[in-house]
Asks: 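Okay, handing you the structure first.
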Protein chains: 2
Amino acid sequence: MALDNPTTQAAVTTADKVFEQMLHAIVDGTIKAGSKISEPELAKNYQISRSTLREALNRLEKCHLIERKANVGSRVVECSIAGLLEIYVVREALEGMACRQAAINMTDDEILEMKAMLKQHASAKALRDGISYYQEEGDLDFHYKVILGSHNQQLINILCGQLYHLVRMYRCQFGMNSPRVTKAFDEHSRIIEAISDRDGELAEILMRRHIAASRKNIENKIAQQQ
Amino acid sequence: MALDNPTTQAAVTTADKVFEQMLHAIVDGTIKAGSKISEPELAKNYQISRSTLREALNRLEKCHLIERKANVGSRVVECSIAGLLEIYVVREALEGMACRQAAINMTDDEILEMKAMLKQHASAKALRDGISYYQEEGDLDFHYKVILGSHNQQLINILCGQLYHLVRMYRCQFGMNSPRVTKAFDEHSRIIEAISDRDGELAEILMRRHIAASRKNIENKIAQQQ
DNA sequence: CAAAGCCTTATTGTCGACAATTTATTATTA
DNA sequence: TAATAATAAATTGTCGACAATAAGGCTTTG
């Protein structure tokens with residue numbers, strides 16, 4: 001499945017399974033943003049012990065999806081405009097660098113794969129233009145592939161392991177089917193081109209612009225609403 | 001104390017205290033890099049239950065200081081040249097952006113504080129030139145202040161909360177008293193100047209060069225040794 | 001003798017209960 | 001009545017024990 005996280009290995013332990021269930025629930029808002037987490041209640045719901053639940057909570061905390069205070073408890077993070085913009089700033093820096101590294105470190109096979117993926121997205125886009133949900137998945141696919149292509153384990157961990165869960169949460173809860181799909185698609189093409197040319201400097205610049213454009217798009221939307 | 005982490009609140013629970021003890025032990029190599037962690041053994045050493053120890057281990061995992069495999073156990077991370085260079089790449093991207101944001105978001109008071117700190121470092125440096133341990137602390141102080149000055153919670157969490165423990169670990173275990181102290185000091189000055197001028201673009205460029213210079217310095221050292 | 005399979009041992013994952021702390025409620029007092 | 005103090009309830013932190021899984025040593029077999 002497109003949105004599965006390439007850094008997480010298959011869930012073997014029950015804590016892992018509960019973690020994944022809660023992950024989805026938090027991302028899609030079933031467990032509401034900002035809500036308090038009651039350990040006894042959730043443990044009963046999932047029919048597990050509190051120890052196991054706490055293990056799952058620790059994994060969620062690693063993704064910055066919940067926050068814990070000693071002797072007080074856990075809360076799901078809030079989704080605020082300010083928080084969203086903060087994430088964009090981090091993404092601009094990190095994915096820009098990931099893109100530069102990808103231009104250096106990607107294998108030729110990986111580049112071919114990316115081109116194929118983009119071609120597939122192109123036809124899917126032609127098919128159902130405007131409907132953006134699949135495009136959103138495609139967008140994440142693209143960004144994942146670039147990040148993985150950096151071959152930098154730290155970058156991969158931070159971006160795919162933690163930050164992207166938050167990104168998905170915001171996309172779900174703020175319902176972003178942006179009108180940028182077509183433009184974003186072109187930008188993706190040029191980025192792949194730069195990577196293919198092994199031009200790390202250009203690749204970084206293009207990726208940073210690509211993400212900054214998304215951020216500005218959001219900022220404009222907000223400005224309009226007010 | 002200079003090296004204390006500004007993002008971590010005072011340790012109240014015993015798991016917190018054990019976490020801090022293990023943190024120091026791992027950073028300075030008392031608990032060897034790459035070594036396996038035996039839960040029963042450590043629990044006995046610290047005279048706590050395994051549950052509490054596991055809580056501490058989870059915090060260490062959040063800092064990427066240990067790695068866990070399901071049903072197998074935890075290991076302290078290895079310190080490799082490749083791993084160190086990976087961190088520099090991430091720092092170049094993130095601290096560069098943090099510096100840009102600091103130029104935008106720092107208060108005038110914070111900027112004054114940074115200037116004062118630098119002046120203090122200058123006198124301390126004149127006093128004991130060449131001895132770099134204190135300078136290392138000063139260096140971390142400087143970088144911390146810039147990161148905090150970004151006023152971006154995500155940046156602060158990633159850099160101060162996780163990555164900097166690893167940075168300190170590498171510094172301790174690879175024993176880096178680089179001959180770059182003087183040069184680094186000048187670079188710090190120029191960065192603060194750019195921030196003071198509210199020139200985010202320049203501030204980012206200077207910080208990226210500053211970190212890239214450190215990375216290249218290491219790469220050269222390695223190249224010489226071989 | 002080497003390799004595969006089984007068994008023993010040790011380690012990790014999970015559970016339920018108790019202790020410590022916080023939060024909510026009630027009672028008291030100015 | 002409002003604010004404070006004391007008390008009760010609930011929640012989190014910690015503990016020790018059991019179950020499930022993996023690692024190491026042993027036997028067996030080709």
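Residue numbers start from 1 in every chain, and the chains themselves are labelled A, B, ... in the order their sequence lines are given, proteins ahead of strands.
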Asks: Please report, rounded to the nearest Å, how far the P atom of dT11(D) is from the NZ atom of Lys69(A).
Replies: 18 Å
Asks: On the nucleotide dT14(D), are OP1 or OP2 found under 4.0 Å from the side-chain N or O atoms that Thr13(B) carries?
Replies: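 Yes, Thr13(B) has a side-chain N/O under 4.0 Å of OP1/OP2 on dT14(D).
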Asks: Give the rounded distance in Å between these two atoms: CD of Gln47(B) and C1' of dC15(D).
Replies: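 Answer to the nearest Å: 14 Å.
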Asks: Counting only side-chain N and O atoms of Arg68(A), is one of them less than 4.0 Å from OP1 or OP2 of dT12(D)?
Replies: no
Asks: Taking for each residue the nucleotide of DNA chain D with the nearest heavy atom, is it Ser74(A) or Ser51(A) whose nucleotide lies nearer the 5' end?
Replies: Ser74(A)
Asks: Can you tell me how far C1' of dG13(D) sits from CZ of Phe19(B), to the nearest Å?
Replies: 17 Å
Asks: So that I know where these two stand, are His165(B) and His64(B) an aromatic pair - ring centroids less than 6.0 Å apart?
Replies: no
Asks: Could you tell me if Thr30(A) and Asp28(A) have a donor-acceptor pair between their side chains, going purely by distance under 3.5 Å?
Replies: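 A pair is found: one side chain offers a donor N or O, the other an acceptor, under 3.5 Å apart.
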Asks: Please classify the nucleic acid contact of Ile37(B) as base, sugar-phosphate, or nothing, using heavy-atom distances under 4.0 Å.
Replies: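 Contact class for Ile37(B): sugar-phosphate only.
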Asks: How long is the line joining CD of Glu41(B) and P of dA10(C), in whole Å?
Replies: 14 Å
Asks: Counting side-chain heavy atoms from C-beta on, which of dT14(D), dC15(C), dT21(D) comes nearest to Thr14(B)?
Replies: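 The answer is dT14(D), which lies nearest to the side chain.
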Asks: Nearest of dT14(D), dT12(C), dT21(C) to any side-chain atom of Arg54(A)?
Replies: dT14(D)
Asks: Select one nucleotide: of dT12(C), dG13(D), dC15(C), the one nearest the side-chain heavy atoms of Thr52(A).
Replies: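 Shortest atom-to-atom distance from the side chain points to dC15(C).
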Asks: Would you kindly give the CG-to-C1' distance between Leu57(A) and dT14(C), to the nearest whole Å?
Replies: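 In whole Å, dT14(C) C1' and Leu57(A) CG are 15 Å from each other.
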Asks: Lys44(A) NZ to dG16(C) P: how many Å, rounded?
Replies: 14 Å
Asks: Inspect the surroundings of NZ in Lys119(B) and state if more than 12 heavy atoms from other residues, nucleotides or ligands are less than 6.0 Å away.
Replies: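 For Lys119(B), atom NZ is not crowded (no more than 12 foreign heavy atoms under 6.0 Å).
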Asks: Answer yes or no: does atom NZ of Lys44(A) have more than 12 heavy-atom neighbours from other residues, nucleotides or ligands under 6.0 Å?
Replies: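 Incorrect, the count does not exceed 12.
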Asks: Expressed as a whole number of angstroms, how long is the span from Tyr46(B):OH to dC15(D):P?
Replies: 15 Å
Asks: Give Leu53(A) one of three labels, base, sugar-phosphate or nothing, depending on what nucleic acid heavy atoms sit under 4.0 Å from its own.
Replies: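 Leu53(A): no heavy atom of the nucleic acid under 4.0 Å.
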Asks: Verify, without hydrogens or angle tests, whether Arg68(A) (side chain) and Ser74(A) (backbone) share a donor-acceptor contact under 3.5 angstrom.
Replies: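 The answer is no, because no donor-acceptor pair under 3.5 Å joins these two groups.
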Asks: Counting side-chain heavy atoms from C-beta on, which of dG13(C), dT22(C), dT12(C) comes nearest to Val72(A)?
Replies: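 Nearest nucleotide to the side chain: dT22(C).
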Asks: Rounded to whole angstroms, how far apart are CD on Glu39(B) and P on dC18(D)?
Replies: 19 Å
Asks: Does Arg50(B) get its side chain close enough to the base of dG13(C), under 3.5 Å, for a donor-acceptor pair?
Replies: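 Yes.
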Asks: Identify which nucleotide among dT11(C), dC15(D), dC15(C) has an atom closest to any side-chain atom of Lys36(B), counting heavy atoms from C-beta outward.
Replies: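 That would be dT11(C).
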Asks: Can you tell which of dT14(D), dG13(D), dA22(D) lies closest to the side chain of Asn71(B)?
Replies: dA22(D)
